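This report concerns only the one structure given below.
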Amino acid sequence: MSAIEATLPRRLLSTPIVGPLAALLVACVFFSLNTEQFLSGGNFSLIIQQVMVVGTLAIGQTLIILTAGIDLSNGAIMAFGGIVMTKLAVDGVLPPLLAIAAGLAACAVFGLANGLLVSRISLPPFIVTLGMLNVVFALTHIYSQDQTVTELPAVMTFLGETFQLGGTNVTYGSLLAILLFLLFAYLLGQTAWGRHVYALGNSPDVARLTGIRTQRLTISVYTIAGLVYGIAALLLVSRTGVGDPQAGQTDNLDSITAVVLGGTSLFGGRGLVLGTLVGALIVGVFRNGLQLMGVPSIYQTLITGILVILAVTVDQLSRRRTR
């Protein structure tokens with residue numbers, strides 16, 4: 001056996017996505033053996049619908065965590081974007097498509113603000129996004145006057161409609177979320193921008209010395225993440241059929257959970273966006289499977305928390321071994 005053949009299994013096992021995939025497979029086997037409904041196409045479609053909003057938020061969260069940052073404001077930004085696009089459309093201020101564009105732009109602006117504060121003033125991402133969480137939360141309730149926006153135009157709820165795939169109803173929003181994961185997997189893995197993101201997360205000083213414009217890169221990452229949060233807002237609006245000022249209050253933590261369970265290191269520079277998709281599915285599968293088994297929701301939260309601690313522990317131990 002050649003040296004390359006001998007090291008191939010070791011390389012595969014060290015790939016960040018292998019562990020999360022194994023965990024997802026084990027969970028699917030466990031719940032399929034303990035519940036009759038779990039393996040049905042309709043149930044899998046429901047799981048994807050349940051995780052598509054948090055999963056999309058987690059795409060933006062992945063970009064930021066890869067740079068060794070974190071975003072606590074993404075759920076609040078998503079809620080604000082949803083209120084902006086729905087109110088502008090329902091109040092007749094803008095046509096529905098322009099209202100959607102305005103909501104996406106508003107989310108991108110908040111992402112830009114986060115990026116500027118982190119890169120230009122060198123504030124810690126945790127503090128910046130914690131403060132932005134409160135700012136955006138307040139603005140959402142001020143602008144909406146604490147009123148849920150209803151009677152949305154059909155354009156805004158189109159992504160919540162379904163089509164048949166193998167006899168199973170699948171929403172257009174679920175398809176869009178999967179396409180977004182594939183797009184960012186390509187951007188991170190096959191473009192110079194993606195390689196620079198990993199380099200920034202591994203070592204900002206080294207990245208700067210190699211000629212990477214780290215401040216501009218950081219701003220681009222936070223701005224693109226904000227735009228992704230806007231898409232998550234549209235997915236949420238299309239799924240619920242309303243603009244809800246109370247939306248997204250715990251989605252920031254859920255998105256971090258999906259990223260960590262997907263094998264992305266909280267220390268930056270290591271991880272895959274497709275791993276985040278697997279992480280989101282792990283959360284969705286556990287919550288769905290435990291619900292089918294009749295387990296109370298508080299125990300679902302307990303198990304999710306344990307999974308996160310285990311994932312971070314594994315990441316920390318693997319980093320120590322590579323030093």
Side-chain angles (χ1 to χ4, degrees), residues 49 52-61 63-64 71-117 128-162 171-177 179-180 183 219-252 255:
Q49 291 177 48
M52 69 179 184
V53 174
V54 170
T56 302
L57 277 179
I59 293 175
Q61 189 74 259
L63 298 178
I64 292 172
D71 192 351
L72 299 178
S73 64
N74 59 358
I77 291 175
M78 176 188 70
F80 183 78
I83 288 295
V84 167
M85 61 180 67
T86 53
K87 273 190 68 67
L88 290 177
V90 171
D91 293 346
V93 178
L94 290 174
L97 288 178
L98 288 180
I100 291 173
L104 296 176
C107 292
V109 167
F110 282 117
L112 173 63
N114 281 336
L116 288 171
L117 291 170
V128 169
T129 58
L130 179 61
M132 192 63 71
L133 163 66
N134 291 290
V135 170
V136 180
F137 179 81
L139 290 176
T140 300
H141 286 265
I142 292 170
Y143 181 56
S144 67
Q145 298 179 339
D146 288 329
Q147 300 296 314
T148 300
V149 184
T150 58
E151 300 180 0
L152 305 184
V155 172
M156 288 191 165
T157 58
F158 169 74
L159 292 175
E161 297 179 8
T162 61
T171 64
Y172 290 103
S174 299
L175 180 60
L176 175 60
L179 290 176
L180 282 173
L183 171 62
I219 293 171
S220 72
V221 167
Y222 279 86
T223 304
I224 292 172
L227 180 61
V228 173
Y229 304 155
I231 298 174
L234 180 59
L235 289 173
L236 179 63
V237 165
S238 67
R239 183 167 184 259
T240 61
V242 298
D244 184 6
Q246 304 293 338
Q249 293 190 23
T250 62
D251 285 349
N252 54 350
S255 68

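Predicted model only: the values in this text are computed from it and were never measured.
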I need the minimum non-hydrogen distance between Leu152 and Val237, along with the two atoms involved. CD1-CG1, 3.3 Å
With rounding to the nearest 0.5 Å, note down the distance linking CD1 in Ile59 to CD1 in Ile224. 12.0 Å
Kindly give the heavy-atom pair with the smallest separation between Gly75 and Asn252, and that separation in Å. N-CB, 4.3 Å
Can you tell me how far the CG atom of Asn134 sits from the CG atom of Leu130, to the nearest 0.5 Å? 6.0 Å
What are the two closest non-hydrogen atoms of Ser174 and Met52, and how far apart are they? N-SD, 3.5 Å
About how many Å separate CD1 of Ile64 and CG of Asp71, when rounded to the nearest 0.5 Å? 4.0 Å
Taking side chain to side chain contact (heavy atoms under 4.5 Å, CB included) as the criterion, tell me which of Asn74, Ile77, Val228 meets it with Cys107. Ile77
Heavy-atom nearest pair, Pro96 first then Met156, reads O-CE, 4.0 Å
Using side-chain contact (heavy atoms from CB on, under 4.5 Å), reason through Tyr222 and Val128 one step at a time and then give a plain yes or no. CA-CA 12 Å; Tyr222 279 86; Val128 169; over 6 Å; no
Output side-chain donor-acceptor pairs under 3.5 Å for residues 79-90, partner residues at least two apart or in another chain, one line each.
unit_1: Thr86; atom_1: OG1; unit_2: Gly82; atom_2: O; d: 2.7
unit_1: Thr86; atom_1: OG1; unit_2: Ile83; atom_2: O; d: 3.1
unit_1: Lys87; atom_1: NZ; unit_2: Asp91; atom_2: OD2; d: 3.3

Kindly compute the distance separating OG1 (Thr140) from CE (Met78), expressed to the nearest 0.5 Å. 10.0 Å
Distance col, row Leu133:CG vs Gln249:CD, nearest 0.5 angstrom, shows 9.5 Å
Treating Thr157 as the side-chain partner and Gly160 as the backbone partner, does any N or O pair qualify as donor plus acceptor under 3.5 Å? no
Working to the nearest 0.5 angstrom, can you tell me the gap between Leu176 CG and Phe158 CZ? 10.5 Å
Considering non-hydrogen atoms only, spot the tightest contact between Leu159 and Ser238 and give its length. CB-OG, 3.5 Å
Closest heavy-atom pair and its distance - Gly243, Pro245: O-CD, 3.6 Å
